[in-house]
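Numbers restart at 1 for each chain; the letters A, B, ... are given by sequence-line order, proteins then strands. In what follows, every heavy atom counts, from backbone to side chain, and hydrogens, waters and symmetry copies are set aside.
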Amino acid sequence: MTHLAPLLALQAAASPPTVVPADTAWMLVSTALVLLMTPALAFFYGGLVRSKSSLNTMMMSFAALGIVGVVWALVAYSLAFGDGGANNAWIGGLGNSLLGHVGVEAKGTIPHLVFFAFQGTFAIITAALISGAVVERMRFGPYLAFLVLWSLLVYAPVAHWVWGGGWLMTRGVLDFAGGTVVHINAGISALVAALVLGPRKDYGRQAILPHNVPFVLLGAGLLWFGWFGFNGGSALAANELAGLAFTNTFLAPMATMVVWILLDYFRTGHATAVGGATGIVVGLVAITPAAGFISPMGALALGAIAALPSYFAIVWRSGTRLDDSLDVFAGHGIGGTTGALLTGVFCLKAWNSAGADGLLAGNPAQLGIQALGVATSLAYAGGMTFVILKVMGLVTALRAAPRTEGLGMDVSQHGEEAYSSGEGSILVMPDAIPAVAPATALEPQTAAR
Amino acid sequence: MTHLAPLLALQAAASPPTVVPADTAWMLVSTALVLLMTPALAFFYGGLVRSKSSLNTMMMSFAALGIVGVVWALVAYSLAFGDGGANNAWIGGLGNSLLGHVGVEAKGTIPHLVFFAFQGTFAIITAALISGAVVERMRFGPYLAFLVLWSLLVYAPVAHWVWGGGWLMTRGVLDFAGGTVVHINAGISALVAALVLGPRKDYGRQAILPHNVPFVLLGAGLLWFGWFGFNGGSALAANELAGLAFTNTFLAPMATMVVWILLDYFRTGHATAVGGATGIVVGLVAITPAAGFISPMGALALGAIAALPSYFAIVWRSGTRLDDSLDVFAGHGIGGTTGALLTGVFCLKAWNSAGADGLLAGNPAQLGIQALGVATSLAYAGGMTFVILKVMGLVTALRAAPRTEGLGMDVSQHGEEAYSSGEGSILVMPDAIPAVAPATALEPQTAAR
Amino acid sequence: MTHLAPLLALQAAASPPTVVPADTAWMLVSTALVLLMTPALAFFYGGLVRSKSSLNTMMMSFAALGIVGVVWALVAYSLAFGDGGANNAWIGGLGNSLLGHVGVEAKGTIPHLVFFAFQGTFAIITAALISGAVVERMRFGPYLAFLVLWSLLVYAPVAHWVWGGGWLMTRGVLDFAGGTVVHINAGISALVAALVLGPRKDYGRQAILPHNVPFVLLGAGLLWFGWFGFNGGSALAANELAGLAFTNTFLAPMATMVVWILLDYFRTGHATAVGGATGIVVGLVAITPAAGFISPMGALALGAIAALPSYFAIVWRSGTRLDDSLDVFAGHGIGGTTGALLTGVFCLKAWNSAGADGLLAGNPAQLGIQALGVATSLAYAGGMTFVILKVMGLVTALRAAPRTEGLGMDVSQHGEEAYSSGEGSILVMPDAIPAVAPATALEPQTAAR
Amino acid sequence: MKLIVAIIRPDRLNEVLEALYRADVRGLTVSRVMGHGGETDRVETYRGTTVKMELQEKVRLEIGVSEPFVGITVNAILGSARTGEVGDGKVFVLDVDQVHRIRTGERDEGAVTPATPAMA
Amino acid sequence: MKLIVAIIRPDRLNEVLEALYRADVRGLTVSRVMGHGGETDRVETYRGTTVKMELQEKVRLEIGVSEPFVGITVNAILGSARTGEVGDGKVFVLDVDQVHRIRTGERDEGAVTPATPAMA
Amino acid sequence: MKLIVAIIRPDRLNEVLEALYRADVRGLTVSRVMGHGGETDRVETYRGTTVKMELQEKVRLEIGVSEPFVGITVNAILGSARTGEVGDGKVFVLDVDQVHRIRTGERDEGAVTPATPAMA
Ligand SMILES: Nc1ncnc2c1ncn2[C@@H]1O[C@H](COP(=O)(O)OP(=O)(O)O)[C@@H](O)[C@H]1O
Ligand SMILES: Nc1ncnc2c1ncn2[C@@H]1O[C@H](COP(=O)(O)OP(=O)(O)O)[C@@H](O)[C@H]1O
Ligand SMILES: Nc1ncnc2c1ncn2[C@@H]1O[C@H](COP(=O)(O)OP(=O)(O)O)[C@@H](O)[C@H]1O
């Protein structure tokens with residue numbers, strides 16, 4: 001995405017770069033849209049778990065808004081997008097840490113701060129995505145620590161390699177809005193986390209059902225809405241490219257949902273709501289790397305094709321002992337991989353001169369380049385996540401004790417219940433109640449008869 | 001709406017038309033906003049039905065996002081907005097089918113693809129609106145087939161007549177954002193569908209109550225939010241006209257809600273929440289055709305007036321055997337008619353030179369023209385919907401068997417429940433579990449004491 | 001905020017002011033975003049109360065959309081932003097009442113109508129905020145009357161003083177997006193309302209628990225999303241200043257949430273979800289007055305600091321007889337005060353030449369000026385709210401009778417329940433059912449076997 | 001004094017309430033329960049997980065009656081709750097030692113009104 | 001051994017629990033139920049539909065006690081659940097044949113502790 | 001005829017259902033309840049408010065059986081519901097005067113099938 005910024009800057013504005021109001025308007029909106037995706041994810045995930053762990057699941061997303069956001073501002077942004085000097089192929093420098101030299105002056109055609117915030121929303125949701133693999137068992141404290149470490153050690157470097165001028169970018173890997181940086185990264189990390197933590201104690205023994213499917217649909221709807229900023233905003237301007245990325249984000253999930261519903265129907269005899277919501281998200285994941293590089297009809301095809309690997313991966317996974325609870329790997333890891341590779345198949349310079357021609361345009365090389373990006377991210381993110389969790393496991397327990405797990409994570413981790421009737425709950429009075437209560441001092445209104 | 005496009009293009013850009021970034025930014029946002037309206041509708045409708053059919057009701061909206069969206073891209077867009085050549089008065093051509101000649105070059109002042117996507121969101125929600133009349137009894141498969149047929153045979157032609165250069169457009173019918181094309185179309189089709197399918201088995205025998213009124217309020221809130229894109233975006237540019245349409249969309253529902261709450265209060269002694277939400281939606285429906293043609297004070301008046309016919313239509317309908325379950329006709333059919341006619345009363349060239357003067361400005365003729373648009377849509381959409389459903393009824397059963405209906409549509413149509421506790425649900429183990437379970441292979445973390 | 005408008009107009013557009021499309025696009029979006037905040041508030045508040053009063057709580061926000069919106073259009077806007085002539089220091093004139101001279105011509109760089117609508121969304125949510133202090137006991141009718149009086153007698157004048165060219169504006173009080181006008185105003189009024197009405201009958205006797213914490217999180221997420229329009233839109237243009245305000249609105253709540261979670265953890269041993277949501281809102285409140293005047297790192301600091309006073313105010317308040325039920329004063333009154341004062345500490349001309357230097361930049365005077373704004377708003381809004389409620393109390397009972405309160409406000413005030421199963425509910429048949437029922441006339445489809 | 005406990009189908013509740021009303025049985029307590037019996041299980045699928053729902057939604061009625069009302073009440077329920085399909089439910093009649101009306105402190109017959117059938 | 005079943009108002013539950021606690025009654029089971037009796041029905045309106053709510057929310061207590069506790073328990077409930085308004089509810093006392101404590105397998109008296117009032 | 005009422009832990013429900021199934025006990029009714037007993041209370045905090053949760057989630061089983069099944073059923077429950085931790089619950093056995101199967105009108109033994117253990 002950012003490797004387009006200079007080009008766009010040239011097209012849209014004179015050098016030295018100046019802030020273009022129209023582009024700024026669109027990027028402000030896009031940033032707000034992507035920020036909304038994390039609460040949306042909280043509902044998509046929260047609806048899929050049992051009621052007794054729903055708040056914990058939602059908080060795993062909301063907490064990322066706080067923790068990852070702060071880490072991003074303090075140092076991660078600089079590692080991802082700062083100038084790394086000699087080591088720039090590998091990692092950014094610290095020049096922009098503590099928001100140094102990040103002000104309102106133009107980066108491309110928008111204020112640098114807006115670019116910083118836009119990228120921050122990506123870092124936040126990517127980390128939050130992982131939580132789907134460890135819900136209902138991972139302790140909240142260690143999870144927060146994991147968010148910090150993962151953002152610094154996995155997200156920042158990979159984002160730098162692909163978008164920040166690192167080696168994958170120079171290799172010409174195409175990743176318009178984060179198929180590799182966001183979805184493959186999060187997906188493989190989720191898989192590893194699920195393996196390291198092990199399955200929920202009830203997994204495979206009892207039926208664990210979504211406690212609120214409407215929340216899942218709400219999450220999917222808001223995710224699609226926010227994704228227009230995610231992909232459309234990755235053009236970094238309100239131009240034709242944004243229009244293309246936006247429309248492809250409009251078309252691909254439609255095709256995926258339709259195919260998904262048909263697969264559901266033929267396998268189980270029913271088109272399920274959870275399936276429809278999942279299909280939408282998988283379609284959005286798959287179009288993410290391709291959005292600005294392929295044709296709209298290509299997006300329809302890509303969306304339709306992308307349903308298959310993720311669908312069958314979910315079906316297969318559910319029969320194993322692998323408790324990637326909300327199928328983050330099948331949805332984001334495999335969906336992102338499908339999208340990244342198909343980008344190398346469908347991409348056309350005719351639609352984006354800053355892009356490349358792909359397999360169908362007679363350039364199989366691009367497919368290889370895409371595969372390199374995929375493989376790198378799978379290997380690095382998977383390995384590093386394994387190391388982070390194993391090391392953390394040496395200093396603290398990552399998961400709750402079985403009895404705690406049985407009680408539910410909401411009560412055990414947050415001391416709260418998602419839905420309480422208040423029955424049989426006794427108020428614990430604080431020690432001191434002021435003698436003269438203000439309310440009585442001002443004799444309350446007499447009530448209606 | 002699109003009959004303004006050329007004019008705006010002239011005002012805002014030089015010929016040959018070029019993409020204007022500011023207009024593109026606004027139209028990208030507007031398209032995202034209108035897309036969000038369909039999930040919003042899913043909640044508005046889903047909250048109004050019984051829990052046992054809530055997922056099915058929501059899926060009737062979500063499915064439209066997939067099915068209608070794909071149909072729109074393949075052929076419906078071309079039928080509605082393509083050049084129909086000699087027959088252009090009646091129907092568009094196939095030149096834009098499969099997105100032929102629909103690219104990033106400017107249509108008006110925005111990329112053609114963005115115009116296509118914006119219009120697509122209208123086609124989607126219009127079809128979804130109809131579902132409110134047949135909830136809790138129509139089988140899902142036939143419903144999906146109906147979506148396809150209706151979009152092709154009803155939506156596309158009517159959209160062409162009014163917006164695509166068809167005969168109603170040349171007659172000077174004013175429909176800024178879809179009072180006729182969207183709301184009257186959907187409303188009358190809903191009425192016919194309710195008559196053809198017949199009432200729910202419990203209708204008029206038992207009390208059928210909304211299972212989740214907060215969802216109804218959530219839907220209404222998100223619908224209003226999205227409607228700013230619906231009406232404001234129908235200016236197709238970020239200009240004064242957009243500002244006018246936007247502000248009228250801000251004012252009218254306020255007046256409708258206030259009047260609705262008062263009517264509720266005087267009739268039942270209570271201002272209800274369902275009533276407040278319904279009032280908002282009716283106000284939005286009524287202002288839709290008028291948004292860009294009348295003054296803000298006119299919008300307040302229109303909103304206030306529009307509450308009356310829809311309100312009393314709902315009260316009357318509930319006493320009959322006509323099970324238009326969620327009052328789609330009273331809300332959208334009658335609300336849209338009120339708005340379309342009042343457009344002919346309040347419209348002023350002073351506010352939109354591309355519009356017309358109405359009755360109050362001494363031009364009663366416009367009211368007649370508006371009536372023509374209303375009558376045409378009522379007759380054509382009503383008749384065609386009747387034919388579609390009767391023909392479908394010959395090949396398959398449109399509604400579920402009474403016992404299935406009693407069981408609830410969620411379990412019978414989707415094999416799911418909206419809210420499940422998992423109690424007494426036995427896991428059906430898939431045949432094969434891999435001997436070496438990965439989780440155990442990697443010895444899970446020992447848990448906290 | 002509006003005191004920047006002229007300046008921006010000068011920067012961005014030539015005189016006579018003309019409408020700038022990019023600024024218009026951003027302000028249309030911002031207005032829609034702020035409008036969405038009121039439904040969001042309905043969920044934030046509605047989730048925190050008991051199920052039996054949840055609809056009433058939500059309707060207290062939704063009703064403001066109707067009532068306050070209409071009052072705003074009719075006269076309040078004119079009082080706040082109209083030209084007050086000789087008395088302009090105190091109150092605006094009536095020149096813009098009934099939207100007189102409010103059209104599509106430019107005010108600053110956007111259509112005047114858009115400015116009107118944008119400001120209207122502020123008036124609406126400010127009034128709605130107060131409801132959090134009187135939920136579960138205030139009668140709905142008197143509440144609606146209070147909304148009208150409060151908007152006219154409190155909101156309009158204070159908005160005029162600070163933003164409409166009144167005396168506080170000339171004194172140089174900095175309030176970028178409403179720390180004083182919105183949050184302190186609403187907070188102190190809520191405190192007074194809670195004192196006048198007195199505590200809920202169960203308050204301090206029984207545990208009153210949030211019935212739906214996911215709704216609280218949904219509300220918080222949508223509030224944050226909308227707040228980007230609230231603060232970012234207060235630049236009234238899509239420029240660098242908007243980027244600064246936007247980014248500060250992105251950063252501050254993150255710091256507040258993190259600190260809040262830590263405080264929760266150290267006090268109760270758990271990081272709660274309600275706490276996380278509350279922290280986000282408090283951070284948003286605190287950054288509101290400062291958003292366009294301080295540096296991003298300043299915003300992080302301000303957000304972190306702002307958690308403390310509000311947090312401990314809530315803890316303290318809960319031990320008293322003061323039933324400010326949803327802690328509007330602690331959250332908005334104290335949060336707004338913290339923000340307004342810290343604006344005087346952190347503000348820098350270097351970031352906004354239209355602003356001022358603050359304490360840290362060696363200008364303690366600004367802190368004094370800020371304190372003047374705070375004190376004025378506390379005194380005026382508090383006193384006037386007291387008078388309004390006491391006078392209303394003379395003509396009608398403000399709160400429901402204890403038995404009604406026990407039954408719940410949903411049934412008593414709205415004749416509805418939020419979640420009904422329909423069990424044991426008997427349909428009350430309307431007198432007349434048409435002999436020939438239309439459905440039967442058209443012999444319904446025979447159903448599937 | 002007897003306590004009659006009946007398990008019925010949710011969608012027969014209104015009919016049963018009406019039948020009891022006609023039989024002059026005024027007081028009763030209702031609760032949502034789930035039942036297992038001869039009905040065939042529903043199958044549901046959530047992503048890769050397929051589950052068999054062994055419990056069906058039922059409604060439980062609890063009615064304290066004086067001896068003369070036992071037959072009347074049981075028959076009212078049997079008549080109004082039957083559909084003839086598996087899953088109609090059961091009626092249990094239990095002996096009661098004491099009944100108290102909380103409001104008045106009345107005991108036994110006095111606590112369940114009317115104590116004798118109107119037409120008797 | 002007796003099983004005491006009480007139907008009370010939801011908003012009296014805390015008082016009743018406290019009274020039972022003071023009466024040394026430790027074990028009990030609570031459930032939400034809906035009751036029909038002498039109370040006047042609520043009327044609600046949803047759009048054009050008007051409905052009469054015939055069932056009121058109530059809470060059901062189920063308490064297994066040894067003979068010496070029967071009177072104490074019933075009186076604790078009667079005393080704490082009463083408001084004097086129609087709708088206060090009922091108390092039923094049923095005979096119990098056996099009681100088992102699942103954890104220990106203890107039977108009857110042993111299964112409900114304490115078996116005899118402290119002050120006795 | 002007896003009516004067996006058991007209060008168990010929610011997370012033992014599946015095991016208990018399976019044990020009953022193996023014991024040939026086919027019909028039963030289940031409901032969610034909340035119980036108070038010897039378990040330590042949970043503490044929760046909502047903003048400034050701290051509360052003690054005195055009630056634990058439990059599941060209530062109601063099973064009508066013919067005499068020969070009483071022991072079998074009780075033992076099946078005792079065996080499958082026990083964890084050994086405080087909070088396992090109770091089993092009550094009540095006498096039943098009559099049982100009716102609504103669908104057929106069959107009475108008593110006939111209403112609860114099977115009336116005698118398979119292996120008997
Ligand atoms: N032995 C029993 N004890 C308690 N409840 C029972 C018993 N048998 C059946 N039930 C209840 O009655 C319902 C219907 O019983 P079932 O055997 O399915 O149909 P039928 O009563 O028509 O033979 C069950 O769902 C269950 O709730
Ligand atoms: N005969 C009965 N059997 C079972 N429950 C009853 C019976 N009569 C009343 N109840 C329960 O007691 C509640 C209060 O009874 P009601 O007659 O309304 O008031 P009161 O007990 O004060 O006369 C009812 O809502 C119902 O739940
Ligand atoms: N006397 C009683 N009457 C009715 N239910 C009881 C009684 N005692 C316990 N229970 C139920 O059994 C559950 C477990 O009882 P408890 O005393 O906590 O543990 P245990 O049975 O292992 O001693 C309680 O939560 C309650 O639901």
Report summary line: Rounded to the nearest 0.5 angstrom, the CG-OG1 distance for C:L241 and A:T24 is 12.0 Å
**Report entry** chain A contact via C:I261 - which portion, at a heavy-atom distance below 4.5 Å
**Finding:** side chain
Report summary line: Turns out that what part of C:L251 lies under 4.5 Å from chain A's heavy atoms comes down to side chain
Report task. Side-chain contact test, heavy atoms from C-beta onward, threshold under 4.5 Å: evaluate it for A:L28 versus C:V29 and give yes or no. Result -> no
Query raised in the report: Checking A:Y419 against chain C: side chain, backbone, both or neither under 4.5 Å from a heavy atom?
Result: both
**Report entry** Contacting region of A:Q413 [heavy-atom separation from chain C under 4.5 Å]
**Finding:** backbone
Requested in this report: Over all heavy atoms of both residues, which pair between C:P210 and A:S420 is shortest? Give the atoms and the distance, please.
Outcome: O-OG, 3.2 Å
Report summary line: Honestly, the part of C:V315 sitting under 4.5 Å from a heavy atom of chain A is neither
Query raised in the report: Going from CG on C:L209 to CG on A:L427, what distance comes out if it is rounded to the nearest 0.5 angstrom?
Result: 9.0 Å
Query raised in the report: Checking heavy atoms, do the side chain of C:L300, its backbone, both or neither come under 4.5 Å from chain A?
Result: side chain
Query raised in the report: Which heavy-atom pair separates A:H414 from C:T272 by the least distance, and what is that distance?
Result: O-CG2, 3.5 Å
Query raised in the report: Where does C:I280 contact chain A at under 4.5 Å (heavy atoms): side chain, backbone, both or neither?
Result: side chain
Report task. Might you point out which heavy atoms bring A:L113 and C:P296 nearest each other, and give the distance in Å? Result -> CD2-CG, 3.5 Å
Report task. Answer with side chain, backbone, both or neither: which region of A:P21 has an atom nearer than 4.5 Å to a non-hydrogen atom of chain C? Result -> both
Query raised in the report: For the residue pair A:F215 and C:P214, what are the closest heavy atoms and their distance?
Result: CE1-CB, 3.6 Å
Query raised in the report: Nearest 0.5 Å, what's the CG-CG distance between C:L222 and A:L222?
Result: 6.5 Å
Query raised in the report: Side chain, backbone, both or neither: which part of A:E105 has a non-hydrogen atom closer than 4.5 Å to chain C?
Result: neither
Report task. May I ask you to name which of C:R403, C:Q206, C:M27, C:E405 has the most heavy-atom pairs under 4.5 Å with chain A? Result -> C:Q206
Query - Heavy-atom contact with chain A under 4.5 Å, split by part of C:W351 - result: side chain
Query raised in the report: Any idea which heavy atoms bring A:L36 and C:G221 closest together, and the distance?
Result: CD1-O, 4.3 Å
Query raised in the report: Are A:V114 and C:F246 close enough that some pair of their side-chain heavy atoms sits under 4.5 Å apart?
Result: no
Query raised in the report: Can you check whether C:F228 reaches A:T31 side chain to side chain, under 4.5 Å on heavy atoms?
Result: no
